[in-house]
Amino acid sequence: MKLTILGGGGFRVPLVYGALLTDRAEGRVTEVVLHDLDAGRLSAVGRVLAEQAAAVPGAPTVTTTTDLDEALRGADFIFSAIRVGGLEGRADDERVALAEGVLGQETVGAGGIAYGLRTVPVAVDIARRVARLAPDAWVINFTNPAGLVTEAMSRHLGDRVIGICDSPVGLGRRIARVLGANPNEAWIDYVGLNHLGWVRGLKIAGRDELPRLLADPDLLGSFEEGKLFGVDWLQSLGAIPNEYLHYYYFNREAVRAYQHAEKTRGAFLADQQARFYDEVGAPGAKALDVWDRTRAEREATYMSENRETAGAGERDADDLSGGYEKVALALMRAIARDERTTLILNVRNQGTLSVLDHDAVIEVPCLVDANGAHPVSVAPLPDHATGLVCSVKAVEREVLAAAGSASRATAVKAFALHPLVDSVNVARKLVEGYTSVHPGLAYLK
């Protein structure tokens, strides 16, 4: 079975390959093709993968290419993990937004809109090529903003594109762990959009244990989200929000923290990964050791400004292991082998949330089998969550419209309507700022 990874020179690719190395069952991946526009990054990641595979008999073969069509032909699965504009673009997204006093995070607020406007045209081109060159392939989208990009690709690939994110999985795992339950045996009632969702229940042996957690301040304050949001706020909500909702619920504090940080997250990662690729290319470098060390630093500093604002302290060691690669492999196995499972995924709504239309991509538990991912019916959201979900989905639709029409005015509308921008004048300045620094936005007229 052939797996193509778009963005194959990306830093997190070894996580995916490492997960593949543990899969010894029939119908496993035997061929991995890495595609990237940067041959140097491809070479560096290829060295890490070679060291990972050195002691593993029958490891999947790895080839690299900068030819997109060549990478897509004959693929059974395609992981899309591209970053249009690179980490330098992410740093610019943050800088331009913060200069106007609004959030520049890569998936939330102004930064997410700018990233989406750059990425959607490229993602749509990929989707069209997949439909032509690998019509039977399944596309698993890692590319952020994951829900928005998945929806853009679904207009050309239908339900054969599925978006993934490890945030809901990590959240459910932390809640189950603090309740003393096995995360693999828990049913997580999670619903929303990518990076905008809530756990409203967690059933163990058919019994919802979330009320027990919400009623116990000591338990509730003992894990990441309890520390990040505060016990009182979680009890007021009656649910556990995805960590990215901290940018909404504590927006002023988050913006202030990012404005005073020595470096934005994008600038930090750009510098860190530049060092990584340089070190891996040095004569005699142990590529896998360099990657492991860099990854540990990356994970430990994740959302550090938010945790500092909340006084949440360091991340727990159990939260540093990532997990998106496990979700991706579980999804791929379920489809390829008809190993039925339940995963929280980004898929078309299909009537699951009545406040959104059929084609809106949402993030909910899905039953997965050989025919793909099928969203599970969920109860309606409370009013406060419904308002936020509908507002942000409306912004995503304006981003898709702007990308499709190349309309600068529509791009301004997308920024202005976002609840974390809420100013037409600021929106105009943001569009001006972003188009001046991003060649990938030159299409907006």
Side-chain angles (χ1 to χ4, degrees), residues 4-10 35-38 66-69 71-72 78-93 96-97 104 106-134 137 139-158 160-163 194 266 346 348 359-361 392-415 417-418 427 430-445:
T4 292
I5 302 179
L6 307 181
H35 171 269
D36 204 286
L37 300 178
D38 189 324
T66 56
D67 185 319
L68 178 57
D69 288 355
L72 295 177
I78 299 163
F79 289 179
S80 180
I82 63 174
R83 180 174 287 281
V84 180
L87 285 169
E88 295 77 10
R90 177 176 176 176
D92 285 338
D93 289 343
V96 169
E106 76 165 329
T107 62
V108 177
I113 294 172
Y115 190 24
L117 287 169
R118 288 201 311 279
T119 304
V120 165
V122 179
V124 166
D125 177 63
I126 290 170
R128 287 171 171 158
R129 289 176 188 241
V130 170
R132 186 176 76 251
L133 299 170
V139 176
I140 300 177
N141 178 54
F142 297 72
T143 300
N144 278 324
L148 172 64
V149 172
T150 300
E151 185 164 331
M153 298 182 82
S154 73
R155 295 181 175 184
H156 303 273
L157 297 172
R160 294 192 79 86
V161 58
I162 301 167
N194 180 241
N346 287 266
R348 292 198 291 184
D359 294 327
V361 166
V392 173
K393 178 54 69 175
V395 170
E396 290 184 351
R397 289 289 172 77
E398 295 297 339
V399 172
L400 293 173
S405 65
S407 167
R408 190 184 185 96
T410 306
V412 170
K413 185 179 177 185
F415 282 103
L417 292 178
H418 198 285
L430 289 168
V431 172
E432 182 65 32
Y434 284 131
T435 53
S436 69
V437 299
H438 289 313
L441 293 180
Y443 71 90
L444 292 173
K445 305 296 182 185

What side-chain donor-acceptor pairs closer than 3.5 Å can you find for residues 112-119, not counting sequence neighbours?
from, atom 1, to, atom 2, distance (Å)
R118, NE, V84, O, 3.1
R118, NH1, D93, OD1, 2.8
R118, NH1, D93, OD2, 3.1
R118, NH1, H438, NE2, 3.1
R118, NH2, V84, O, 3.3
R118, NH2, D93, OD2, 3.1
T119, OG1, Y115, O, 2.7

task = May I have the step-by-step check of side-chain contact (heavy atoms from CB on, under 4.5 Å) for H35 and L37, ending in yes or no?
result = CA-CA 7 Å; H35 171 269; L37 300 178; 4.2 Å; yes
Can you check whether [X] reaches [Y] side chain to side chain, under 4.5 Å on heavy atoms?
{"X": "N194", "Y": "N144", "result": "yes"}
{"X": "R155", "Y": "L400", "result": "yes"}
{"X": "V130", "Y": "I78", "result": "yes"}
{"X": "H156", "Y": "V161", "result": "no"}
{"X": "E151", "Y": "D359", "result": "no"}

Taking all non-hydrogen atoms of both residues into account, name the closest pair between [X] and [Y] and its distance.
{"X": "T410", "Y": "S405", "value": "OG1-OG, 4.4 Å"}
{"X": "P145", "Y": "T107", "value": "CA-CG2, 4.2 Å"}
{"X": "A110", "Y": "F415", "value": "O-CE2, 3.4 Å"}
{"X": "A414", "Y": "E398", "value": "CB-CB, 3.7 Å"}
{"X": "N141", "Y": "A146", "value": "ND2-O, 3.4 Å"}
{"X": "A97", "Y": "Y434", "value": "CB-OH, 3.4 Å"}

task = Test side-chain contact (heavy atoms from CB on, under 4.5 Å) on D69 and R132 and set out the steps.
result = CA-CA 10 Å; D69 288 355; R132 186 176 76 251; 4.0 Å; yes
query = Is the shortest distance from a Lys or Arg side-chain nitrogen in E432 or R408 to a carboxylate oxygen in the other one below 4.0 Å?
reply =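 Salt bridge present between E432 and R408.
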ask   = Does the R160 side chain pair with the main chain of A137, one donor and one acceptor, at a distance under 3.5 Å?
value =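 Answer holds: yes.
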request  = Without swapping roles, check the side chain of K393 against the backbone of V361 for a donor-acceptor pair under 3.5 Å.
outcome  =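 Checked: pair present.
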task = Identify which one of L6, V120, V149, I126 satisfies the side chain to side chain contact (heavy atoms under 4.5 Å, CB included) criterion when paired with T143.
result =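 With T143 as partner, L6, V120, V149, I126 yield a single side chain to side chain contact (heavy atoms under 4.5 Å, CB included), made by V149.
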Rounded to the nearest 0.5 Å, what's the gap from [atom1] on [X] to [atom2] on [Y]? Could you check?
{"X": "L133", "Y": "R128", "atom1": "CG", "atom2": "CZ", "value": "14.0 Å"}
{"X": "S407", "Y": "L444", "atom1": "OG", "atom2": "CG", "value": "8.0 Å"}
{"X": "L441", "Y": "S436", "atom1": "CG", "atom2": "OG", "value": "9.5 Å"}

